[in-house]
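Shown next, in structure tokens, is the structure this report addresses.
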Amino acid sequence: MNNTSCPQVSIDFSGRFLPPVYILVFIIGLAANGWGLKSLHHNWKKLGNVNVFVLNLGLADILYLLTLPFLVVYYFMESKWIFGEAFCKMTRFCFNLNLYGSIGFLTCISVYRYLAIVHPMRAMGRITVTHSVTISAMVWLLVSVQSLPDMFFTKTNGNGTKKCHDTTNNDHVEDYLRYNFGWTLTGFCIPLLIILGCYGHMIVVLCRTNTIDKVLKQRSLKLLFILILLFSVCYTPYHVLKNLNLWSRVLSKQKMCREWSNGVYIAHRISRSLVSLNSALNPLVYLHGNEDIPAQLRRLLQRARQAFVQLSTTSTQNLSM
């Protein structure tokens, strides 16, 4: 530990790493969510009340995806924000709405699937579209209330440089660490515990009985796999490393240097790119309730392969002439 000065944490990594990831997420996310929402519209009555949550999940993804071009410009310009502080805060707010809205709606879908498996007669007949819409509105409200304090933290450096911090500058980093820790607890840990409780009980029920509909069982297992993927790749690393990075900034501000600070910073930036992938991976949720999508995907790939073969044949014939 060095109490006099701290080495500068490398910040060039973000400008090299994040823009290609954001471009990829933007293209794949828009295509996947557009295709998924179109399929959801065509199969609305077939798939049940859970569609309301899936629809809101898609809307949360699109809301965030539309902000990615501005972030790409920001990092390509070596972290110089040219769109004003108000729009910077709005961009970060949309990210938080997407992140915690996605977690909230995935929790709702998991509880819905839990009720369909464990309490099919007692609960499922009483759940209506109105209930789903009301619960969705409550999720948006709670996520907005949780994310709103973030808007009041300073997002610029205050020294003339045009930054757009995803957290805040060093002047308020201690307060932000406390706020973010509570945010992590309510917006991530509690929903995760609910999901684990639902699926833990569901697995026990699925192992003990053979009377559950085979299609419903397959859908539940698909959703479980998707949730494991999302939480292990996107959500958990981001929340752990974000809090560690804020803590290292607090220690650095107090001249209490740690050798792992630079590594934590780089790992946090990687986790931020991974958490943005949730907007491209969330459309997988459509798969758990719609058996037509895999067939559509196979037909799409077959058409693409046929078009490629025809193009190759035409090119070969032209060269031989």
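- Taking 4.0 Å as the cut-off between side-chain N and carboxylate O, Asp171 and Lys253 do not count as a salt-bridged pair.
- The aromatic ring centroids of His268 and Phe17 lie 6.0 Å or more from each other.
- Aromatic ring centres of Phe83 and Trp81: separated by under 6.0 Å.
- Ser132 and Phe53 get closest at one heavy-atom pair: O-CE2, 3.6 Å.
- Between atom CG of residue Leu18 and atom CD1 of residue Ile270 there is a gap of 9.5 Å, rounded to the nearest 0.5 Å.
- Open room surrounds CH2 on Trp247; 12 or fewer heavy atoms of other groups in view lie less than 6.0 Å from it.
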> Taking it one step at a time, do Val285 and Leu106 satisfy side-chain contact (heavy atoms from CB on, under 4.5 Å)?
Replying inline: CA-CA 9 Å; Val285 175; Leu106 288 172; 3.7 Å; yes
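- Taking 4.5 Å as the limit, some side-chain heavy atom of Asp150 sits within range of a side-chain heavy atom of Tyr176.
- Remark: the backbone N or O of Ser248 is not paired with any side-chain donor or acceptor of Ser261 at under 3.5 angstrom.
- By the neighbour-count criterion of 12 heavy atoms within 6.0 Å, atom CE of Met138 is sparsely surrounded, having that number or fewer from other residues, nucleotides or ligands.
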> Can you list the steps and then say if Tyr235 with Leu230 is a side-chain contact (heavy atoms from CB on, under 4.5 Å)?
Replying inline: CA-CA 6 Å; Tyr235 302 138; Leu230 285 169; 3.8 Å; yes
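- Atoms CZ and CG, from Phe105 and Asp61 in turn, are 10.5 Å apart once rounded to the nearest 0.5 Å.
- Here the straight-line distance linking atom CZ of Phe231 with atom CD1 of Ile226 works out to 12.5 Å at 0.5 Å rounding.
- No side-chain donor-acceptor contact under 3.5 Å links His131 and Thr134.
- Looking at heavy atoms from C-beta onward, Ser271 lies out of side-chain contact with Lys242 at the 4.5 angstrom threshold.
- Shortest non-hydrogen contact noted between Phe152 and Leu148 is CD1-O, 3.4 Å.
- In this structure a side-chain-to-backbone donor-acceptor pair under 3.5 Å is present from Asn98 to Ala60.
- A donor-acceptor pair under 3.5 Å is formed between the side chain of Asn282 and the backbone N or O of Asn278.
- Residue Met202 holds its CE atom at 7.5 Å from CG of Leu224, rounded to the nearest 0.5 Å.
- Checked against Ser136 for a side chain to side chain contact (heavy atoms under 4.5 Å, CB included), the options Leu59, Leu141, Leu57, Val52 give a single hit: Val52.
- Within the 4.5 Å cutoff, the side chain of Ile109 has heavy atoms near those of the Leu223 side chain.
- Pairs engaging residues 178-190 under the salt bridge (Lys or Arg N to Asp or Glu O under 4.0 Å) rule: Asp175-Arg178 [sequence neighbours left out].
- Salt bridge annotation for Arg272-Asp166: present, with a cationic side-chain nitrogen under 4.0 angstrom from a carboxylate oxygen.
- Counting only distance, with no hydrogens or angles, the side chain of Asn33 and the backbone of Gly29 share a donor-acceptor pair below 3.5 Å.
- Of all heavy-atom pairs spanning Thr107 and Ile103, the tightest one is OG1-O, 2.7 Å.
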>> Using ring-ring contact (aromatic ring centres under 6.0 Å, His included), reason through His239 and Tyr100 one step at a time and then give a plain yes or no.
In response: CA-CA 11 Å; His239 285 92; Tyr100 295 101; 5.5 Å; yes
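- Phe181 and Leu142 are assigned to two separate hydrophobic clusters, defined by single-linkage of ILVMFWY side chains at heavy-atom distances under 4.5 Å.
- Rounded to the nearest 0.5 angstrom, Leu115 CG and Cys198 SG are separated by 7.5 Å.
- The aromatic ring centroids of Trp260 and Tyr265 lie 6.0 Å or more from each other.
- Annotation for Leu65 and Ser279: closest pair CD2-CB, 3.8 Å, computed over non-hydrogen atoms.
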> Should Ser147 and Phe95 be marked as a side-chain contact (heavy atoms from CB on, under 4.5 Å) after you check the CA-CA gap, both sets of side-chain angles, and the distance that decides it?
Replying inline: CA-CA 10 Å; Ser147 304; Phe95 167 78; over 6 Å; no
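- Between the Lys89 side chain and the Met151 main chain, a donor and an acceptor come within less than 3.5 Å of each other.
- Following chains of ILVMFWY side-chain contacts shorter than 4.5 Å, one can reach Val21 starting from Val72, so the two form part of one hydrophobic cluster.
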>> With side-chain contact (heavy atoms from CB on, under 4.5 Å) as the criterion, how do Val173 and Leu177 come out once you've worked through the C-alpha distance, each side chain's angles and the decisive distance to 0.1 Å?
In response: CA-CA 6 Å; Val173 67; Leu177 175 60; 5.6 Å; no
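- Taking the six-membered ring for Trp and the full ring otherwise, Tyr179 and Phe153 have centroids separated by under 6.0 Å.
- Looking only at distances, no side-chain donor or acceptor of Thr67 sits under 3.5 Å from a matching main-chain atom of Leu63.
- No side-chain donor from either of Thr154 and Asn169 sits under 3.5 Å from a side-chain acceptor of the other.
- With a 4.5 Å cut-off on side-chain heavy atoms, Pro237 and Val233 do not count as touching.
- Contact of the Phe188 side chain with the Trp183 side chain is not registered, since no non-hydrogen atoms from C-beta on lie closer than 4.5 Å.
- Residues Ile266 and Asn262 meet the side-chain proximity criterion, which asks for heavy atoms closer than 4.5 Å.
- In this structure, Thr236 contributes its side chain and Ser232 its backbone to no donor-acceptor pair below 3.5 Å.
- The CG atom of Leu30 lies 15.0 Å from the CH2 atom of Trp35; values are rounded to the nearest 0.5 Å.
- Each of Val204 and Phe225 belongs to its own hydrophobic cluster when Ile, Leu, Val, Met, Phe, Trp and Tyr are linked at side-chain heavy-atom distances under 4.5 angstrom.
- Tracing side-chain contacts under 4.5 Å through hydrophobic residues (I, L, V, M, F, W, Y), one never reaches Ile23 starting from Ile28; they form parts of separate clusters.
- Residues satisfying the disulfide (SG to SG under 2.5 Å) criterion with Cys88, sequence neighbours excluded, are Cys164.
- Minimum heavy-atom separation, Ser276 to Val25: O-CG1, 3.4 Å.
- When the side chains of ILVMFWY residues are joined at heavy-atom separations under 4.5 Å, either directly or via intervening members, Leu193 and Tyr114 end up in two distinct hydrophobic clusters.
- Minimum interatomic distance between Tyr199 and Leu227 (heavy atoms only, all atoms of both residues): CE1-CD1, 3.6 Å.
- If you check the side chains of Arg249 and Thr167, you find a donor sitting under 3.5 Å from an acceptor.
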